[in-house]
Amino acid sequence: MISVVVPIYNEEELLLVFHTAVADALKDIGEDWEVVYVNDGSRDSSLELLRGLQSTDGHVVVVDLSRNWGHMGAISAGLKTARGQAIALMDGDFQDPPAVLPELVKAWREGAQVVVAVRRSRQERRKVLAKLFPLFYRVLAALSDYPIPLDAGIFSLMDRRALDSINALREGNRYLPGLRAWVGYRTSIVYYDRQDRAAGDAKLTFLSRIKYAMDAITSFSYKPLRLSFVLTSCSLAAAAALGILAIVSAAPTASAGFGIAAAVFTVGALVLLCLGVLGEYIGRIYDEVRRRPLSLINQVYYPAEAVSAQPGTQFEEEQAESEFRAA
Ligand code: UDP
Ligand code: MG
């Protein structure tokens with residue numbers, strides 16, 4: 001069976017057309033398939049629409065989360081629920097075109113365990129984002145201690161083995177494109193043209209994107225920590241040089257006063273920067289120590305009947321634990 005996992009947050013305008021497009025792409029695949037829609041606490045009629053879809057299409061699984069957990073939380077719940085031998089992952093707004101799914105499946109049949117869809121081009125209504133995304137991928141590549149494919153988001157397909165490895169990872173601040181590269185396995189790349197969202201507004205906020213970018217960098221690189229070390233040495237050297245100048249120079253003047261003030265501010269800024277970088281890591285260490293689940297499932301609806309998970313299941317925690325033991 002092939003599973004397609006799709007996070008959904010307030011996508012009522014798109015859901016039905018989207019599902020039709022996915023069903024169309026998968027109908028000739030020659031394999032059983034399911035689409036796992038994760039309702040990430042939508043406030044519109046998305047959940048009702050999904051339940052409706054399920055009553056007419058036996059390929060639909062609906063995971064209803066306890067609240068809005070954000071893109072990654074929704075994705076992890078979907079990845080845990082998917083039952084397929086190959087699991088594709090995509091956004092529900094047509095930015096990852098459903099028509100590319102058969103190509104991912106083909107690459108998997110040809111022996112790839114991980115198939116990464118890489119953006120050949122990108123259309124984005126908001127021009128700032130269109131510029132920032134490629135920049136982000138390049139900064140990440142430069143900083144990362146481990147090679148991560150450029151211009152690849154969540155759109156991908158993994159076989160059961162690769163997915164189980166990812167599901168068993170314990171870290172809470174997940175940057176999936178990075179983890180997907182990190183677990184390894186035979187990987188191939190499929191190129192596609194990323195579309196603009198077909199309707200509605202982007203559901204991710206700018207701040208959540210910044211958090212995601214920070215997760216990516218801090219979980220795959222220690223270089224920012226080293227940067228703070230380098231900056232500290234530089235400011236120490238500057239302080240030493242200024243100290244020597246203060247000793248050897250003649251009577252104090254107004255300009256020397258300004259110089260000292262400037263030095264104080266510079267050092268202050270550097271210290272703050274270093275503290276900020278440390279804070280980024282410490283915040284994440286705190287997250288990891290608490291080991292809170294990435295998301296909580298309220299209910300899972302399978303096509304035939306509604307099967308409910310234990311209310312408030314510490315889903316991430318316990319499942320990962322048992323899978324980890326099993327592995
Ligand atoms: N999404 C989600 N939870 C959120 C925000 C978004 O499940 O809190 C879903 C959304 O419905 C879409 C996908 O994640 O299917 C990508 O979101 P969006 O298109 O807003 O992000 P972008 O493509 O602009 O990065
Ligand atoms: Mg989108």
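All ligand and atom numbering here is 1-based and tracks the order in the structure. Atoms considered below: every heavy atom in the structure, side chains included; atoms not considered: hydrogens, waters and symmetry mates.
With rounding to the nearest 0.5 Å, the separation of CG in Asp96 from OH in Tyr192 is 4.5 Å. Atom CG of Asn298 is separated from atom CG of Asp64 by 5.0 Å, given to the nearest 0.5 angstrom.
Within 6.0 Å of atom OH in Tyr185, more than 12 heavy atoms from other residues, nucleotides or ligands are found, so the atom counts as buried in its surroundings. A 6.0 Å sphere centred on NZ of Lys106 holds no more than 12 heavy atoms belonging to other residues, nucleotides or ligands.
Here the side chain of Ser42 pairs no donor or acceptor atom with the backbone of Asn39 at under 3.5 angstrom.
Closer than 2.8 Å to the Mg ion (ligand 2) sit the protein N, O or S atoms Asp93 OD2, Gln95 OE1.
A cation-pi arrangement is absent between Arg180 and Trp182, since the terminal nitrogen or guanidinium carbon is not both under 6.0 Å from the aromatic centre and inside a 45° cone about the axis.
Under 4.0 Å from any atom of ligand 1, one finds heavy atoms of residues Pro7, Ile8, Tyr9, Glu11, Asp40, Asn68, Gly70, His71, Ala74, Asp91, Gly92, Asp93, Gln95, Arg194, Arg197, Ala202, Lys203, Leu204, Arg209.
When the side-chain hydrogen bond (donor to acceptor under 3.5 Å, both in side chains) test is applied to Asp193, the partners found at least two apart in sequence or on another chain are Arg120, Ser121. Here His71 pairs with Pro7, Ile75, Asp91, Ile154, Leu204 under the side chain to side chain contact (heavy atoms under 4.5 Å, CB included) rule; sequence neighbours left out.
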| request: Go through the steps to decide whether Tyr137 and Arg119 satisfy the test side chain to side chain donor-acceptor pair (under 3.5 Å), and finish with yes or no. | output: CA-CA 11 Å; Tyr137 286 117; Arg119 294 147 197 185; 3.1 Å; yes
